[in-house]
Asker: 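I'd like to ask you about the structure that follows.
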Amino acid sequence: MSTYEELEEKEYGKLTNQVFKRLVQMLKPHWKWVLGFLVCIAIVSIIDAFTTYLSKDLIDNGITAGDRQAINRTILIYAGMIVFQAACSFGFIYLVSILAERVRYDLRKSMFNHLQELSLSYFSQTPVGWIMSRLTSDTERLADLLSWGILDMTWAVVNIGTAAVFMFIINARLATIVVVMLPLLVVVAFRFRRVILKHYRESRKMNSRITGAFNESITGVRVIKALGREESNLEEFGELSQGMYNASFKAAWLSALFLPTVQVISAMVLGIVLWQSGMQAQIGNMTIGGIQAFVSYITFIMWPIQDMARVYAQMQNAVASAERIFHLIDTEPDVKDLPKTVETETIQGDIRFENVYFQYEEDDPVIKGLDFHIKHGEMVALVGPTGGGKTTIVNLLCRFYEPTQGKIYLNGIDYTTMKLQDIQSRIGVVLQTPHLFSGSIFDNIRYGKLNASDEEIVEAAKLAGAHDFIMKFEHGYNQDVGEGGNLLSVGQKQLISIARAILAKPELFIMDEATSSVDTLTEVLVQRGMDKLMQDRTSFVIAHRLSTIKRADKIIVIEDGQIMEMGNHRELIKLRGKYYNLYTKQFRHELEAQYDFFTEPKPASAA
């Protein structure tokens with residue numbers, strides 16, 4: 001099980017000293033807001049308890065005694081307290097709402113900023129859904145704990161404390177009975193919440209699996225039908241649904257049992273208090289107003305205990321969320337700037353790989369002892385079988401990863417001594433599957449140079465060969481491309497990505513099989529755009545169609561992480577080695593497809 005799965009499957013979060021300290025540190029910048037709403041909620045709770053005591057005074061000294069002045073005086077005090085309480089209620093709701101938003105903002109900003117610093121390896125190993133969950137649901141849960149959770153807990157504690165004080169003022173003997181019975185209610189409430197939370201978590205876990213099964217069944221419907229997997233899918237789905245039903249049923253049954261249990265215990269306490277208060281009233285130690293107030297204070301205590309149990313359950317969820325958030329924030333990038341870096345204004349110059357080794361996993365090298373020297377302005381093509389290490393080489397060149405062993409030099413300087421920003425801001429990359437951002441074509445091309453004018457964008461599009469098809473759109477350069485550019489064809493997206501790279505004016509250009517997913521006509525346009533981009537700059541091309549790289553200055557054949565052959569097209573064809581076999585085989589297949597004939601005899605079964 002991966003680290004991320006372990007964090008997802010965690011049953012209960014534990015509020016360790018380290019987690020607690022970090023939670024407190026998150027609140028430190030907002031201590032004024034915290035102090036403000038804590039004071040307001042404490043005042044509201046104290047006023048609640050005091051107005052209940054006023055009702056005792058109203059009954060005993062006003063209504064029962066028939067003293068109208070006492071009644072009027074008590075009502076005026078009560079009205080004044082209520083107005084003041086309303087102002088404090090507004091204050092704590094406003095303050096805690098602001099605090100919650102500030103905590104959410106701080107968390108999301110901190111995580112998003114840190115994600116920008118993490119290496120490519122982190123995103124290769126971490127599911128996107130896991131990251132999105134940290135930025136959304138976990139952030140929401142933790143922010144609620146640090147705002148509304150603290151508020152509810154404060155309200156419960158102050159309510160119980162003030163109610164206990166006034167109960168002891170009214171009748172110490174009865175108050176002692178209530179206080180002795182409280183631990184039973186606390187234990188029952190917390191035990192119920194813990195078990196209910198366990199079953200709800202199990203239910204949510206099964207729901208996630210069911211959602212995943214739905215997604216796979218819908219997206220893979222062609223494979224399911226082709227292989228006749230409908231029956232087995234129904235059986236697996238039935239097992240998942242039954243598991244969720246069982247967990248949800250237990251949680252619902254316990255939730256339904258929880259309130260009656262609390263009510264029974266509360267009724268027991270209330271019955272004992274009423275019996276004792278009746279006995280006390282007979283000997284003149286309790287008044288009618290005192291009995292009424294005492295019963296109200298019992299209610300004051302019972303509901304806050306349930307709230308504390310609820311916040312406790314939420315806290316377990318939130319602490320688990322905090323651990324996952326802190327895990328993301330604490331993740332160190334694999335590739336980062338050294339304490340002392342070399343200032344560089346250009347990376348133009350020769351490129352050298354010296355005995356470079358690299359491995360993604362321990363004892364499994366994918367690049368083995370690479371040695372080559374590229375002169376400034378040369379076009380280099382990387383060819384070879386899938387999985388040979390071509391993409392890894394360009395990832396190392398871009399310093400998305402760093403060599404496990406060996407050195408890479410840019411313009412004679414060890415690139416690990418340079419700033420990452422200085423290197424990566426001067427490299428232009430066009431990928432096999434181009435990515436566009438939601439927004440207009442203008443926005444996407446401008447991403448290559450944020451301060452570019454509209455005229456510069458149009459000029460870049462013309463150089464890339466994208467201007468003509470852009471002008472055919474209803475809104476031209478203001479045309480929306482859709483999420484990920486899904487409103488455009490692959491070829492159109494590729495031309496826009498080339499225009500973006502042209503606008504950035506990179507000193508080093510990398511093309512990772514940019515023409516492998518487009519038709520022949522679009523390939524010509526893309527190739528023209530790349531020719532413009534590669535002029536007077538060093539370029540690396542990972543080629544799928546070998547016919548596109550015949551004019552490369554150097555062709556490097558990569559297999560199993562090693563250089564098998566290196567030279568230009570003419571030299572490697574004369575060598576009649578691996579490149580010759582790859583090229584002639586691909587050329588033969590293209591001819592077969594074009595003219596619908598076979599250069600080798602068909603199998604007998606196909607006759």
Side-chain angles (χ1 to χ4, degrees), residues 342-356 358 367 370-384 389-403 406-432 448-449 460 463-464 494 497-515 526-544 546 548-558 563 565-572 579:
V342 177
E343 292 288 339
T344 178
E345 295 182 358
T346 181
I347 61 171
Q348 285 184 337
D350 292 359
I351 297 172
R352 284 190 295 125
F353 276 55
E354 288 190 356
N355 196 34
V356 171
F358 178 76
I367 297 297
L370 286 192
D371 275 295
F372 60 80
H373 182 187
I374 307 301
K375 295 180 180 179
H376 172 61
E378 286 188 332
M379 174 186 172
V380 182
L382 302 175
V383 302
K390 303 185 295 296
T391 299
T392 301
I393 291 173
V394 298
N395 283 338
L396 287 170
L397 186 59
C398 294
R399 208 178 161 197
F400 295 147
Y401 300 94
E402 288 180 346
K407 299 287 185 181
I408 297 176
Y409 295 91
L410 300 179
N411 196 23
I413 302 172
D414 180 354
Y415 83 157
T416 59
T417 64
M418 301 179 180
K419 289 184 179 180
L420 279 169
Q421 177 66 17
D422 288 345
I423 298 172
Q424 293 170 356
S425 64
R426 293 178 169 88
I427 297 177
V429 181
V430 176
L431 301 173
Q432 179 181 3
K449 181 183 176 184
L463 289 173
Q494 197 65 277
S497 68
I498 291 173
R500 182 167 59 196
I502 289 174
L503 186 66
K505 296 181 179 178
E507 296 177 1
L508 174 62
F509 174 56
I510 294 171
M511 184 186 73
D512 189 351
E513 300 198 40
T515 61
V526 172
Q527 193 64 51
R528 287 175 183 170
M530 291 189 301
D531 289 344
K532 299 282 187 182
L533 189 53
M534 289 188 288
Q535 285 179 359
D536 302 322
R537 55 174 55 90
T538 307
S539 57
F540 280 74
V541 179
I542 295 178
H544 176 73
L546 301 184
T548 63
I549 50 104
K550 289 191 292 184
R551 61 186 182 81
D553 299 293
K554 277 192 178 73
I555 298 172
I556 303 177
V557 182
I558 304 294
I563 295 177
E565 296 174 359
M566 183 163 60
N568 60 36
H569 176 74
R570 180 182 292 274
E571 291 169 346
L572 294 181
Y579 178 77

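In this chain, residues are counted from 1 in sequence order. Worth saying up front: this structure is predicted, and the values here are computed from it rather than measured.
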Asker: Roughly how far, to the nearest 0.5 Å, is OH of Tyr579 from CD1 of Ile549?
Answerer: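 Result: 3.5 Å between the selected atoms.
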Asker: Is there a donor-acceptor pair closer than 3.5 Å between any side-chain N or O of Glu565 and the backbone N or O of Val557?
Answerer: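 Pair absent, no side-chain N/O of Glu565 close to backbone of Val557.
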Asker: Using atom types as modelled and distance alone, determine if a side-chain donor or acceptor of Lys390 lies under 3.5 Å from a backbone N or O of Gly384.
Answerer: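 Flag set: sc Lys390 to bb Gly384 pair under 3.5 Å.
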Asker: Applying side chain to side chain contact (heavy atoms under 4.5 Å, CB included), run through Ile563 and Ile558 and close with a yes or a no.
Answerer: CA-CA 5 Å; Ile563 295 177; Ile558 304 294; 3.9 Å; yes
Asker: Between atom CZ of Phe353 and atom CG of Leu396, what is the distance when rounded to the nearest 0.5 Å?
Answerer: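 Between Phe353 CZ and Leu396 CG, I get 6.0 Å after rounding to 0.5 Å.
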Asker: Can you see which heavy atom on Ala381 is nearest to which on Ala552, and at what distance?
Answerer: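 Of all heavy-atom pairs spanning Ala381 and Ala552, the closest is CB-CB, 4.0 Å.
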Asker: More than 12 non-hydrogen atoms from neighbouring residues, nucleotides or ligands closer than 6.0 Å to NZ on Lys449, yes or no?
Answerer: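 Check passes, neighbour count above 12.
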Asker: Mind checking the NE2-CD1 spacing from His376 to Ile347? Nearest 0.5 Å is all I need.
Answerer: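 The distance works out to 10.5 Å.
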Asker: Would you indicate whether the side-chain heavy atoms of Val356 and Lys407 approach each other to under 4.5 Å?
Answerer: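 With C-beta onward as the side chain, the pair stays apart.
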Asker: If you round to the nearest 0.5 Å, how far is CD1 of Ile542 from OG1 of Thr391?
Answerer: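 That separation rounds to 4.0 Å.
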Asker: Could you tell me the separation between the CD1 atom of Ile408 and the CZ atom of Phe358, rounded to the nearest 0.5 Å?
Answerer: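 So the CD1 of Ile408 and the CZ of Phe358 are separated by 10.0 Å.
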Asker: side-chain contact (heavy atoms from CB on, under 4.5 Å) with Arg399: which residues, sequence neighbours excluded?
Answerer: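 side-chain contact (heavy atoms from CB on, under 4.5 Å) check on Arg399 returns Val335, Asp337, Glu402, Tyr415, Thr416, Leu420, Ile423, Gln424.
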Asker: Start with the C-alpha gap between Ile393 and Ile367, add the side-chain angles, then the distance that decides, and say whether side chain to side chain contact (heavy atoms under 4.5 Å, CB included) holds.
Answerer: CA-CA 8 Å; Ile393 291 173; Ile367 297 297; 3.8 Å; yes
Asker: Got a donor-acceptor contact below 3.5 angstrom from the Asp414 side chain to the Thr417 backbone?
Answerer: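 Here the side-chain-to-backbone pair does not exist.
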Asker: Looking at every non-hydrogen atom in both residues, tell me the closest pair between Ala499 and Ala460 and how far apart they are.
Answerer: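 Shortest heavy-atom contact: O-CB, 3.6 Å.
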Asker: To the nearest 0.5 Å, what is the distance between CG on Asn411 and CZ on Arg352?
Answerer: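 So the gap between those two atoms works out to 10.5 Å.
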Asker: Decide yes or no on side chain to side chain contact (heavy atoms under 4.5 Å, CB included) for Leu508 and Ile351, but give the supporting numbers first.
Answerer: CA-CA 10 Å; Leu508 174 62; Ile351 297 172; 4.0 Å; yes
Asker: What do the steps show when you test Met566 against Glu571 for side chain to side chain contact (heavy atoms under 4.5 Å, CB included), and what is the final call?
Answerer: CA-CA 9 Å; Met566 183 163 60; Glu571 291 169 346; over 6 Å; no
Asker: How are the rings of Phe372 and Phe540 set to each other: parallel, tilted or perpendicular (split at 30° and 60°)?
Answerer: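 If you compare the ring of Phe372 with that of Phe540, the planes turn out tilted.
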Asker: Can a donor-acceptor pair be found, under 3.5 Å and without considering hydrogens, that links the side chain of Arg426 to the backbone of Glu345?
Answerer: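 A pair under 3.5 Å: yes.
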Asker: Using the side-chain contact (heavy atoms from CB on, under 4.5 Å) criterion, which residues pair with Ser539? Sequence neighbours excluded.
Answerer: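 Result, side-chain contact (heavy atoms from CB on, under 4.5 Å) vs Ser539: Met379, Phe509, Met534.
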Asker: Would you name the heavy atoms of Gly349 and Thr538 that are closest together and state the gap between them?
Answerer: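 Reported closest heavy-atom pair: O-OG1, 4.3 Å.
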Asker: Verify, without hydrogens or angle tests, whether Asn355 (side chain) and Gly406 (backbone) share a donor-acceptor contact under 3.5 angstrom.
Answerer: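 Flag not set: sc Asn355 to bb Gly406 has no pair under 3.5 Å.
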Asker: Please name all residues satisfying side-chain contact (heavy atoms from CB on, under 4.5 Å) with Glu378, sequence neighbours left out, ordered by chain then number.
Answerer: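 For Glu378, the residues satisfying side-chain contact (heavy atoms from CB on, under 4.5 Å) (neighbours in sequence not counted) are Ile374, Lys375, Asp553, Lys554.
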Asker: Nearest heavy-atom pair of Pro506 and Gly428: which atoms, and what distance?
Answerer: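 Scanning both residues, the minimum pair turns out to be CB-N, 3.2 Å.
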Asker: Taking all heavy atoms of Leu572 and all of Gly567, pick out the closest pair and write down the distance.
Answerer: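 In this case the closest contact between Leu572 and Gly567 is CD1-O, 3.7 Å.
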